[in-house]
Amino acid sequence: MPLKKSAIFAGIILLLVISACSSKSTEEKIQGHLEEAVSLEQGFEKQQSKITDLEKEEQQLYSKIVNLGMDEMDKIKKYSKQAIETIDQRAKEIAKEKESIEAASNEFSEIEELITDLEADKVKKKAENMNEVMEKRYETYSKLNKAYQESLKLEKEMYTMLQKEDLEQKTLTEQINKINDSYEKVIDLNKAFNDNTVKYNNLKKEFYSLAGMEVSYEENPTGDKSNKETNSKESSTEK
């Protein structure tokens with residue numbers, strides 16, 4: 001008998017939970033997913049400062065290397081290995097950043113079906129615009145992530161080259177040009193990502209306003225902090 005009572009009690013709780021969820025308006029359900037997406041992107045924001053610090057550390061090591069001559073090969077090898085370590089650390093942080101963004105994207109996608117249930121035309125149109133911009137933002141991040149990983153790969157190749165005593169200046173210069181071209185792509189995609197973030201945040205505020213929701217905003221909602229360093233390289237004349 002106790003088992004039977006427990007099952008009935010659990011059933012009552014489940015009915016109460018379903019009732020509470022169903023009592024929410026479509027606008028409130030959408031809001032829940034939007035704010036949960038913001039929460040999931042907090043991991044993305046945390047990685048930004050770590051990545052920037054590692055970029056600066058690697059750039060300092062590169063500056064030391066280009067100021068060394070071939071008679072200081074031991075130091076060149078030492079700094080090159082340290083630079084590779086910072087690149088590997090950045091790759092790990094970038095992976096964590098990507099996980100956070102993907103989790104937020106999955107949460108955000110829950111609003112698509114809810115939008116069709118919105119009754120007010122103006123609110124529905126605003127929600128559709130908001131959804132479109134956010135999807136574009138996530139697509140841009142995917143491209144940005146791939147471009148940044150390619151830049152890391154090219155940098156790692158360069159530091160491996162620098163440990164070779166027979167490295168020719170022409171080979172090094174070509175690799176540096178590849179890295180700089182790669183970071184130009186990163187910069188362009190990063191700008192597009194941040195532009196879409198600003199657009200989305202403005203649309204979200206407008207959606208809440210049209211839906212009659214009073215919401216307080218933080219200074220940088222939804223991770224408008226993706227500021228990848230240019231990490232551009234200058235070719236050494238000593239090689």
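What you are looking at is a predicted structure, and each value in this text was computed from that prediction instead of being measured.
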Review point. Can you list every side chain to side chain donor-acceptor pair (under 3.5 Å) pair that touches residues 71-89, not counting sequence neighbours?
Key: D88-K156

Exercise for review: Taking all non-hydrogen atoms of both residues into account, name the closest pair between A37 and A104 and its distance.
Suggested key: O-CB, 3.6 Å

Exercise for review: State the NZ-CD1 distance between K185 and I187, to the nearest 0.5 angstrom.
Suggested key: 13.5 Å

Exercise for review: Could I get the full list of salt bridge (Lys or Arg N to Asp or Glu O under 4.0 Å) partners for E107, not counting sequence neighbours?
Suggested key: none

Study note, to complete from the structure: So CD of E150 and CD1 of I179: to nearest 0.5 Å the spacing works out to 10.5 Å

Review point. Any link between Y148 and L54 through a network of hydrophobic side chains (Ile, Leu, Val, Met, Phe, Trp, Tyr) touching at under 4.5 Å?
Key: no

Practice item. Evaluate the criterion side chain to side chain contact (heavy atoms under 4.5 Å, CB included) for residue pair N131 and E135; output intermediate values, then yes/no. Key: CA-CA 6 Å; N131 184 58; E135 285 184 346; 3.5 Å; yes

Practice item. For the pair S63 (side chain) and Q59 (backbone), establish whether a donor and an acceptor sit closer than 3.5 Å, ignoring hydrogens and angles. Key: yes

Revision key, fill the gap. Sequence neighbours excluded, the answer for salt bridge (Lys or Arg N to Asp or Glu O under 4.0 Å) partners of E35 is K204

Revision key, fill the gap. Of all heavy-atom pairs linking A211 and E27, the shortest is CB-CG, 3.7 Å

Study note, to complete from the structure: Minimal heavy-atom distance between M213 and E28, with the atoms involved, is CE-N, 3.4 Å

Practice item. Verify, without hydrogens or angle tests, whether Q175 (side chain) and L154 (backbone) share a donor-acceptor contact under 3.5 angstrom. Key: yes

Point to revise | Donor + acceptor pair across side chains of Y159, E58 (<3.5 Å) | key: yes

Review point. What pairs with K153 under salt bridge (Lys or Arg N to Asp or Glu O under 4.0 Å), at least two apart in sequence or on another chain?
Key: E157

Check your understanding: Which value, rounded to the nearest 0.5 Å, describes the distance between T171 atom OG1 and I176 atom CD1?
Key -> 11.0 Å

Check your understanding: With a 4.5 Å heavy-atom cut-off, do N201 and T197 have their side chains touching?
Key -> yes

Check your understanding: What are the two closest non-hydrogen atoms of T140 and A192, and how far apart are they?
Key -> CG2-CB, 3.9 Å

Point to revise | Pairs flagged by ring-ring contact (aromatic ring centres under 6.0 Å, His included) wherever residues 103-130 is involved - sequence neighbours left out | key: F108-Y200

**Study point:** Non-neighbouring partners of K191 that pass side chain to side chain donor-acceptor pair (under 3.5 Å), sequence neighbours left out
**Key:** D195

Point to revise | Criterion side chain to side chain contact (heavy atoms under 4.5 Å, CB included) on L114 and H33, from CA distance to verdict | key: CA-CA 10 Å; L114 291 170; H33 290 301; 3.6 Å; yes

Exercise for review: Output yes when a side-chain donor or acceptor of N202 lies under 3.5 Å from a complementary backbone atom of V198, and no otherwise.
Suggested key: yes

Check your understanding: Side chains of T52 and Q48: is there a donor and an acceptor less than 3.5 Å apart?
Key -> no

Review point. Taking C-beta and beyond as the side chain, do I84 and Q163 meet within less than 4.5 Å on heavy atoms?
Key: yes

Exercise for review: Look at the side chain of E112 and the backbone N and O of S109, then say whether any donor-acceptor pair between them is shorter than 3.5 Å.
Suggested key: no

Review point. Do T26 and K29 pass the side chain to side chain contact (heavy atoms under 4.5 Å, CB included) test, and can you show the C-alpha distance, the side-chain angles, and the key distance before you say yes or no?
Key: CA-CA 5 Å; T26 302; K29 290 176 184 177; 5.5 Å; no

Point to revise | For K143, all residues meeting side-chain contact (heavy atoms from CB on, under 4.5 Å), sequence neighbours excluded | key: L189

Exercise for review: Could you grab the distance from atom OG1 of T116 to atom CD of E128, nearest 0.5 Å is fine?
Suggested key: 9.5 Å

Exercise for review: Not counting sequence neighbours, which residues clear side-chain contact (heavy atoms from CB on, under 4.5 Å) with K146? List them please.
Suggested key: S142

Exercise for review: Show your reasoning for whether side chain to side chain contact (heavy atoms under 4.5 Å, CB included) applies to I65 and M158.
Suggested key: CA-CA 12 Å; I65 291 170; M158 180 192 69; over 6 Å; no

Study note, to complete from the structure: S182 meets the side chain to side chain donor-acceptor pair (under 3.5 Å) criterion, sequence neighbours left out, with S151

Exercise for review: Establish whether I111 and L40 are linked, either directly or via other cluster members, by ILVMFWY side-chain heavy-atom contacts under 4.5 Å.
Suggested key: no

Revision key, fill the gap. Between the CG atom in N194 and the CZ atom in R137, the distance rounded to the nearest 0.5 Å is 8.5 Å

**Study point:** Considering all heavy atoms, the nearest A127-L118 contact
**Key:** CB-CD1, 3.7 Å

Exercise for review: Can you sort out the partners of K98 under salt bridge (Lys or Arg N to Asp or Glu O under 4.0 Å), two or more places apart, ordered by chain and number?
Suggested key: E102

Study note, to complete from the structure: Distance col, row E155:CD vs E55:CD, nearest 0.5 angstrom, shows 8.0 Å

Revision key, fill the gap. What one should report as the nearest heavy-atom pair of V133 and K199 is CG1-CB, 3.9 Å

**Study point:** Residues that Q149 engages under side-chain contact (heavy atoms from CB on, under 4.5 Å), provided they are two or more places apart
**Key:** I94, N145

Exercise for review: Using the test side-chain contact (heavy atoms from CB on, under 4.5 Å), find all partners of K126 that sit at least two apart in sequence or belong to another chain.
Suggested key: L203, E206, F207, L210

